[in-house]
> 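Once you've had a glance at the structure underneath, I'll fire off some questions.
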Amino acid sequence: MRTPFQETSEPLFMTSGYAYESANEAEGRFTGASPGYQYSRYSNPTVTMFEERMAALEGAPVARATASGMAAVSSVFLSALRTGDHVVGAKAMFGACRYVIEEILPRFGIAHTLVDGSNLEEWSAAIKPNTKLLFLETPANPTLAIVDLRAVATIADKAGALLVVDNAFASPVLQRPMDFGAHVVVHSSTKYIDGQGRALGGVVLCKEDFLKDHLQPFLRNTGPSISPFNAWLHLKSLETLDLRMRAHCEGAAKIADFLASQKKIRRVIYPFRPDHPQNALARAQMSGGGGVVTFEVEGGKEAAFRLENALQLIDVSNNLGDAKSIITHPETTTHQKVNPAARLELGVTPGLLRLSVGLEDPDDLCDDLEQALKGD
Ligand SMILES: *Cc1c(COP(=O)(O)O)cnc(C)c1O
């Protein structure tokens with residue numbers, strides 16, 4: 001979209017309202033007879049540009065941007081579900097998504113069953129007559145377990161339920177869940193889409209009928225709208241997403257191999273390494289292994305903390321998908337509030353570390369890890 005100034009870079013429309021030519025024009029906008037914007041809680045030209053490009057990238061009919069990834073996820077749940085419905089979710093999911101399913105939805109009489117996402121029998125067995133929505137993340141955080149999208153989509157279709165996929169870890173560059181039958185895709189654009197750790201954002205991608213019947217009225221009236229400024233940052237970031245994802249994958253693959261050669265590392269998890277238990281499935285549905293490497297150090301929490309504290313280039317933080325490399329100890333941070341038994345069941349052991357590989361020179365990152373491991 002260009003203004004009459006013919007700018008080459010997309011403009012930022014930092015406005016909450018829009019003036020009309022006349023009272024008649026205002027009436028027409030509100031009846032829908034006259035196209036155009038009314039109020040930025042509903043839509044905004046910069047936000048529209050971001051949404052249209054996200055839809056094109058994901059191969060989705062329509063997209064709506066939200067204030068954060070969690071605004072996207074909770075808007076999908078709350079607009080699609082009602083009292084008496086049942087949700088099936090893969091256990092390995094982002095902590096806040098799990099909180100919404102386990103703590104918030106039950107207050108509205110919406111029940112759930114959590115399953116091991118890579119076990120298709122568990123998905124099938126969990127389906128009830130009132131199952132309306134299946135939710136999963138692949139690769140999952142932080143263990144990078146892969147879920148078979150096509151198989152779970154088939155289970156959802158048979159149940160007449162929606163399959164909602166959180167695609168934040170892969171980004172649309174590496175994986176397009178709708179190509180495998182997913183009905184709705186959600187993103188935290190805070191992660192790889194922004195790619196530089198600057199702004200929160202989220203996106204829902206879906207079909208026209210879900211937008212019209214469920215999502216649109218919910219978003220317009222509850223207001224989890226993205227700031228046009230954040231939408232503009234994420235829109236501009238899409239121009240380099242493909243290049244950045246390729247660099248993240250290349251760096252991560254190199255670091256995964258480096259870590260696997262280290263004596264003090266017990267296990268390395270990376271979807272595109274041949275020793276990942278679902279390597280074939282990962283390669284069938286993703287075009288790259290992603291930017292996250294998860295690994296377990298010998299010596300549990302103490303050794304994990306020692307390694308983190310000795311790093312000089314890699315930051316200790318809990319975000320991911322940044323151009324800067326970030327290391328996280330999931331047990332004591334992102335998964336601290338998950339009960340210990342459930343945590344172990346997810347594979348979040350005391351020695352587990354999640355490394356979001358940034359865009360620095362991979363050799364420098366390996367050197368940093370090497371010096372930190374030596375310091376042990
Ligand atoms: C970060 C993240 C979210 C939540 O996104 P916010 O933008 O932080 O609200 C949801 N799912 C996954 C997989 C994430 O990594």
Side-chain angles (χ1 to χ4, degrees), residues 47 50 54 58 63-78 87 89-105 114 117 133-147 149 163-175 177 182 184-205 219 222-227 229-231 233-234 237 241 245 248 252 271 286 290-294 317-322 326-328 330 333-338 346 348 354-358:
V47 175
F50 176 48
M54 280 300 300
E58 278 283 358
R64 284 296 176 269
T66 54
S68 67
M70 284 320 301
V73 171
S74 47
S75 297
V76 168
F77 286 160
L78 293 172
V87 174
K91 267 176 215 156
M93 69 171 87
F94 189 71
C97 298
R98 193 157 167 163
Y99 183 87
V100 173
I101 290 178
E102 290 191 307
E103 306 293 333
I104 297 180
L105 296 184
L114 295 184
L133 192 151
L134 277 59
F135 180 76
L136 66 89
E137 200 184 297
T138 180
N141 177 26
T143 53
L144 309 181
I146 309 292
V147 182
L149 290 169
L163 171 60
V164 181
V165 176
D166 182 339
N167 201 26
F169 260 58
S171 92
V173 170
L174 302 183
Q175 174 172 273
V184 178
V185 172
V186 289
H187 273 286
S188 165
S189 56
T190 316
K191 311 292 167 57
Y192 288 105
I193 291 171
D194 180 281
Q196 289 145 89
R198 300 167 301 186
L200 296 179
V203 184
V204 181
L205 300 118
L219 293 177
T222 61
S225 327
I226 189 170
S227 156
F229 182 69
N230 288 6
L233 286 174
H234 292 183
S237 284
L241 183 61
M245 288 316 295
H248 281 297
M286 296 168 73
V292 176
V293 180
T294 299
S317 179
N318 48 276
N319 195 12
L320 63 96
D322 196 317
I326 286 171
I327 197 159
T328 309
T333 60
T334 54
H335 288 65
Q336 192 193 99
K337 293 194 175 66
V338 179
L346 290 176
V348 178
R354 181 189 80 189
L355 177 61
S356 169
V357 178

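For the numbers below, each heavy atom of this structure counts, side chains included, while hydrogens, waters and symmetry mates do not. Counting starts at 1 for both ligands and their atoms, following the listed order.
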> If you measure from CE on Met93 to CD1 on Ile101, what distance do you get to the nearest 0.5 Å?
3.5 Å

> Starting from atom 7 (O) of ligand 1, locate the nearest protein heavy atom and write down its residue, its atom name and how far away it is, to 0.1 Å.
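That would be Thr190 OG1, 2.6 Å.
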
> May I ask you to check whether Ser237 and Arg198 show a side-chain donor-acceptor distance below 3.5 Å?
yes

> Once side chain to side chain contact (heavy atoms under 4.5 Å, CB included) is applied, do any residues pair with Asp322, and if so which ones, sequence neighbours excluded?
Lys324, Ile326

> Considering the heavy atoms of Ala168, write down every atom of ligand 1 situated less than 4.0 Å from one of them.
12 (C), 13 (C)

> Using the ring pair (Phe, Tyr, Trp, His ring centres under 6.0 Å) criterion, which residues pair with Phe169? Sequence neighbours excluded.
none

> Does a donor on one side chain sit under 3.5 Å from an acceptor on the other, for Asn318 and Arg354?
no

> Atom 12 (C) of ligand 1: which protein heavy atom is closest, and how many Å away?
Asp166 OD2, 3.3 Å

> At what distance is the nearest protein heavy atom to atom 9 (O) of ligand 1, and which residue and atom is it?
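Here the closest protein heavy atom is Met70 N, 2.8 Å.
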
> Looking at Lys191, which atoms of ligand 1 are within less than 4.0 Å of one of its heavy atoms?
1 (C), 2 (C), 3 (C), 14 (C), 15 (O)

> Tell me, which protein residue and heavy-atom name are nearest atom 4 (C) of ligand 1, and how many Å apart are they?
Phe94 CE2, 3.4 Å

> Heavy-atom contacts with Gly201 under 4.0 Å: which atoms of ligand 1 show up? List them by number with element.
7 (O)

> What protein heavy atom sits nearest atom 8 (O) of ligand 1, and how far off is it?
Ser188 OG, 4.2 Å

> Looking at atom 6 (P) of ligand 1, what's its closest protein heavy atom, distance included?
Gly69 N, 3.4 Å

> Check whether any side-chain heavy atom of Leu320 lies under 4.5 Å from a side-chain heavy atom of Tyr192, and answer yes or no.
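With C-beta onward as the side chain, the pair touches.
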
